[in-house]
Amino acid sequence: MAQIQFSRGIDEEVIPDVRLTRSRDGSNGTATFIFENPKALDSNSTEEITGMYLIDEEGEIVTREVKGKFVNGQPTALEAFVLIKSQDEWDRFMRFMERYAQEHGLGFTQAT
């Protein structure tokens with residue numbers, strides 16, 4: 001069970017585009033998640049976005065770095081950033097992403 005939530009207890013159904021960057025020495029990195037028209041922004045949603053929660057059997061990875069994107073005053077996307085500050089955090093994040101990808105039928109494409 002690997003899920004992403006913006007409000008505790010409510011799974012996000014939209015699959016994000018995820019972009020990873022990592023320093024040359026592997027000591028830190030950033031994961032950028034882009035959700036186009038996520039359920040969390042649905043006009044019927046009454047829940048407050050309190051962060052992004054990456055949840056699996058190991059626990060949670062939490063970030064408060066979540067930004068909305070608007071077009072003509074209407075919310076269209078959410079962008080969230082996970083800052084990775086050590087090799088252990090990188091390994092933990094990648095284990096989550098492997099589980100999430102497997103459950104949601106995603107693939108990985110390495111930049112050239």
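In what follows, residues are counted from 1 in the order of the sequence shown.
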(message) Measuring from atom CG of L54 to atom CZ of R95, what distance do you get when rounded to the nearest 0.5 angstrom?
(response) 13.0 Å

Mind listing the side-chain donor-acceptor pairs of residues 4-13 below 3.5 Å, one per line with the distance, residues two or more places apart or on another chain?
unit_1: Q5; atom_1: OE1; unit_2: G9; atom_2: N; d: 2.8
unit_1: Q5; atom_1: NE2; unit_2: D11; atom_2: OD1; d: 2.8
unit_1: S7; atom_1: OG; unit_2: E48; atom_2: O; d: 2.5
unit_1: R8; atom_1: NH1; unit_2: E60; atom_2: OE1; d: 3.1
unit_1: R8; atom_1: NH1; unit_2: E60; atom_2: OE2; d: 2.6
unit_1: R8; atom_1: NH2; unit_2: E60; atom_2: OE1; d: 3.4
unit_1: E12; atom_1: OE1; unit_2: K39; atom_2: N; d: 3.3
unit_1: E12; atom_1: OE1; unit_2: A40; atom_2: N; d: 3.0
unit_1: E12; atom_1: OE2; unit_2: V14; atom_2: N; d: 3.1
unit_1: E12; atom_1: OE2; unit_2: K39; atom_2: N; d: 2.7
unit_1: E13; atom_1: OE2; unit_2: K39; atom_2: NZ; d: 3.4

(request) Give, for atom CD of Q87 and atom CG of N28, the distance between the pair rounded to the nearest 0.5 Å. (result) 11.0 Å

(message) Can you tell me if Q102 has over 12 outside heavy atoms packed within less than 6.0 Å of its CD?
(response) no

(message) Apply the hydrophobic cluster definition, ILVMFWY joined by side-chain contacts under 4.5 Å directly or through others, and give me every member besides Y53.
(response) M1, I55, V62

(request) Dump the intermediate steps for side-chain contact (heavy atoms from CB on, under 4.5 Å) on F70 and T76, then the final yes or no. (result) CA-CA 5 Å; F70 295 82; T76 59; 5.9 Å; no

(message) Could you report the tightest heavy-atom contact between F33 and M97, atom names first, then the distance?
(response) CZ-SD, 4.0 Å

(request) For A77 and P38, work out which heavy atoms get closest and say how close. (result) CA-CD, 4.1 Å

(message) Could you walk me through whether D88 and S86 satisfy the side chain to side chain donor-acceptor pair (under 3.5 Å) test, starting with their C-alpha distance in whole Å, then the side-chain angles of each, then the deciding distance to 0.1 Å, before giving a yes or no?
(response) CA-CA 5 Å; D88 288 342; S86 70; 5.2 Å; no

(request) Report, as yes or no, whether the 6.0 Å neighbourhood of atom CZ on R19 holds more than 12 heavy atoms from other residues, nucleotides or ligands. (result) no

(message) Would you say I61 ends up clustered with I34 if hydrophobic residues are merged whenever their side chains have heavy atoms under 4.5 Å apart, either directly or through other cluster members?
(response) no

(request) Please answer: with hydrophobic residues joined when any side-chain heavy atoms are less than 4.5 Å apart, are M94 and Y100 in the same cluster? (result) yes

(request) For P75 and L41, work out which heavy atoms get closest and say how close. (result) CB-CD1, 3.8 Å

(message) Working to the nearest 0.5 angstrom, can you tell me the gap between L83 CG and T30 OG1?
(response) 5.5 Å

(message) If I compare all heavy atoms of G51 with all of V66, which pair ends up nearest, and what's the gap?
(response) C-CG2, 3.8 Å

(message) I want to check something: taking the side chain as every heavy atom from C-beta on, are E65 and E79 in contact at a cut-off of under 4.5 Å?
(response) no

(request) Determine whether V82 and T63 make a side-chain contact, defined as any pair of heavy atoms from C-beta on separated by less than 4.5 Å. (result) yes

(request) Mind checking the CD1-CD spacing from I15 to E36? Nearest 0.5 Å is all I need. (result) 13.5 Å

(message) Using 0.5 Å steps for rounding, measure from the CG atom of N37 to the CD atom of Q74.
(response) 11.0 Å

(request) Give the ring-plane orientation class for W90 versus F93, where under 30° counts as parallel, over 60° as perpendicular and anything between as tilted. (result) tilted

(message) Quick one, R99 with E57, criterion salt bridge (Lys or Arg N to Asp or Glu O under 4.0 Å). Give me CA distance, side-chain angles, the key distance, then yes/no.
(response) CA-CA 10 Å; R99 291 179 184 115; E57 56 263 24; 2.8 Å; yes

(message) With rounding to the nearest 0.5 angstrom, report the CZ to OG1 distance, R64 to T50.
(response) 5.5 Å

